[in-house]
There are 2 protein chains.
Amino acid sequence: MATVNSYTRIMPTPDRTSLPAIVDAACSLLESEGLPGLTMQAVADRVGVRAPSLYKRVQGRDELLRLVAEATLTALGSRLGGSETVSELAKGFREFGHERPVAFQLVMTPGAGSPVARDEFGAVASEPTLRIAASLAGEEHALDAARMLTAWATGFVSMELNGNFRLGGDVEEAWEFGVTRLAAALAAR
Amino acid sequence: MATVNSYTRIMPTPDRTSLPAIVDAACSLLESEGLPGLTMQAVADRVGVRAPSLYKRVQGRDELLRLVAEATLTALGSRLGGSETVSELAKGFREFGHERPVAFQLVMTPGAGSPVARDEFGAVASEPTLRIAASLAGEEHALDAARMLTAWATGFVSMELNGNFRLGGDVEEAWEFGVTRLAAALAAR
DNA sequence: ACCTGAACACCGTTCAAGT
DNA sequence: ACCTGAACACCGTTCAAGT
């Protein structure tokens, strides 16, 4: 039958998965199983194909990790987008870290060897911070101020997530102390 | 011959390596090959035994990583010990990160799944920071101030090492900006 | 008592063969 | 054109067998 024939010629095997499905599965696995649990095998199982099939859509695990990092940066950027004050911005940043600790660390403090997101994704994620830094410290100090703010918040949340606050005291209070003093420091002239 | 007999009974095979030698080799490999390059095989090669022999001295790769992290914290603590000002302390911290980037990140921003140094090693490393924070912000704010300082410095150096300052500008200036404003912020009352 | 070869389970990745 | 089984190199780890 001609119909079957041309059909099989045009579409010998229908797609059984897609790149977005693969990245979604990887994001989900990353958070539920941790970075070591994000294996090609596990991703393949999630999307319903065999591991070698993934290589039709991604070059390898490193590229997949990069795509996960970029998706995370996009989510972070839109999460911070509506912020209007430093404390609001910092709070959203911290909450994001608590909600998606593994992805947060993959993006903000990846170990050596991990892939780096392409520039445009980092730029989008840092736009809200730059905007608020500028309004606080002035345009001429916007970049320095944004870097100070991001560095502090990244370090704080990272230490929190890694359980590095082990000398007692109130971590919540330490956060408030930091936000308050930082806002004052950035506004200083 | 009785001599040979008792000798072989007491010391059937002489030790061909030691725990310090293994940890040293691991520290060196970590920095030269990166975390993925720190394999049991590579460590075994360095110290001149086969990989299975390492398990006579360490429980596994995770414990070895923990010992490396603890050795790094000890080195960091003695490096910062002599500091007398915030900028001096911060500078030493940053230099340490530049000299041993992989070990620095293993200790300060390990990914999930990596082992955590035992409390006493973290306490020793943070003592100099606590001391200077207290002198600046007063005893009642020492812990909060130390956490603010450590978070900022950790985040800054981590972002530097990961190439996360990609919006142009002068990174050196951003560091100076941060140290200056931070010192002022901590001293504020 | 320490060391080793052999083995196991599990990775990422490649590729020829299927449809 | 996509998918798969089989294979390869390389991990961490275990263990019986050597000395």
Side-chain angles (χ1 to χ4, degrees), chain A residues 1-23 25-26 29-30 32-68 106 111-115, chain B residues 1-23 25-26 29-30 33-68 106 110-115:
Chain A
M1 283 184 288
T3 312
V4 169
N5 227 339
S6 66
Y7 181 81
T8 49
R9 273 204 201 132
I10 292 168
M11 187 181 281
T13 56
D15 289 18
R16 240 162 274 191
T17 185
S18 66
L19 184 56
I22 289 169
V23 175
L29 268 169
L30 179 70
S32 63
E33 308 297 327
L35 190 52
L38 177 47
T39 67
M40 298 301 271
Q41 183 67 253
V43 172
D45 285 351
R46 283 266 181 130
V47 301
V49 298
R50 302 289 177 177
S53 300
L54 299 177
Y55 292 81
K56 285 286 159 181
R57 328 256 179 195
V58 287
Q59 287 196 335
R61 186 175 183 265
D62 280 355
E63 192 191 37
L64 181 52
L65 278 179
R66 205 200 69 217
L67 293 172
V68 169
L106 181 71
S114 291
Chain B
M1 282 183 291
T3 311
V4 169
N5 229 338
S6 67
Y7 181 81
T8 49
R9 272 204 202 132
I10 293 168
M11 187 181 279
T13 57
D15 289 16
R16 239 161 275 191
T17 184
S18 68
L19 184 56
I22 289 169
V23 175
L29 268 169
L30 179 70
E33 309 297 327
L35 189 54
L38 178 47
T39 67
M40 298 300 271
Q41 182 67 253
V43 173
D45 285 350
R46 283 266 182 131
V47 302
V49 298
R50 302 289 178 178
S53 299
L54 299 177
Y55 293 81
K56 285 284 159 181
R57 327 258 178 193
V58 285
Q59 287 195 336
R61 185 175 182 265
D62 281 356
E63 192 191 37
L64 181 52
L65 279 179
R66 205 200 69 218
L67 294 172
V68 168
L106 180 72
S114 289

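Letters A, B, ... mirror the listed sequences (proteins, then strands); counts begin at 1.
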### Query
C:dA1 phosphate, OP1 or OP2: any side-chain N/O from B:Arg16 under 4.0 angstrom?
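For C:dA1, neither OP1 nor OP2 has a side-chain N or O of B:Arg16 closer than 4.0 Å.
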### Distance below 4.0 Å between B:Ser53 side-chain N/O and C:dT4 OP1 or OP2
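Indeed, a polar side-chain atom of B:Ser53 lies that close.
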Can you list, pair by pair, the side-chain donor-acceptor contacts under 3.5 Å of residues 33-47 of chain A, counting residues two or more places apart and other chains?
| unit_1 | atom_1 | unit_2 | atom_2 | d |
| --- | --- | --- | --- | --- |
| A:Thr39 | OG1 | A:Ala42 | N | 3.0 |
| A:Arg46 | NH1 | A:Ser28 | OG | 2.7 |

### Message
Please pick, from D:dT4, C:dT4, D:dC2, the nucleotide with the shortest atom-to-atom distance to any side-chain atom of A:Val49.
### Response
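Comparing D:dT4, C:dT4, D:dC2 against the side chain of A:Val49, the answer is D:dT4.
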### Message
Any salt bridge linking A:Lys56 with A:Asp15? Criterion: basic side-chain nitrogen under 4.0 Å from a carboxylate oxygen.
### Response
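Between A:Asp15 and A:Lys56 there is no salt bridge, as every charged N stays at least 4.0 Å from the carboxylate O atoms.
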### Message
Could you write out DNA chain C as dot-bracket? Rules: Watson-Crick or G-U wobble, both distances under 3.5 Å, brackets [ ] for crossings, | for pairs with another strand, dot for unpaired.
### Response
||.|||||...|||||.||
### Message
Set out, in order, the CA-CA distance, both residues' side-chain angles and the distance that settles side chain to side chain contact (heavy atoms under 4.5 Å, CB included) for B:Leu67 and B:Ile22, then state yes or no.
### Response
CA-CA 10 Å; B:Leu67 294 172; B:Ile22 289 169; over 6 Å; no
Nearest-Å distance for atom pair [atom1]/[atom2], residues [X] and [N]:
X	N	atom1	atom2	answer
B:Leu54	C:dC2	CG	P	14 Å
B:Arg50	C:dA6	CZ	P	10 Å
B:Asp15	C:dT4	CG	P	12 Å

### Task
Indicate, with a heavy-atom threshold strictly under 4.0 Å, whether B:Ser18 touches base, sugar-phosphate, or nothing.
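Nothing, no nucleic acid heavy atom in range.
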### Message
If you define the side chain from C-beta out and look only at heavy atoms, does anything of B:Arg66 sit under 4.5 Å from B:Asp62?
### Response
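A side-chain contact is absent here, since even the closest heavy-atom pair is not under 4.5 Å.
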### Query
Are the side chains of B:Leu64 and B:Leu54 in touch, meaning some heavy atoms are under 4.5 Å apart?
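In short, these two side chains do not touch, never coming nearer than 4.5 Å.
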Minimum heavy-atom distance between [X] and [Y], given as atom pair plus value:
X	Y	result
A:Val49	A:Thr17	CG1-CG2, 4.0 Å
B:Arg16	B:Arg57	N-NH2, 4.3 Å
A:Glu63	A:Val58	OE1-CA, 3.2 Å

### Task
Can you check each nucleotide of nucleotides 7-14 of chain C against protein heavy atoms at under 4.0 Å and return B for base, S for sugar-phosphate only, - for none, in 5' to 3' order?
----SSBB
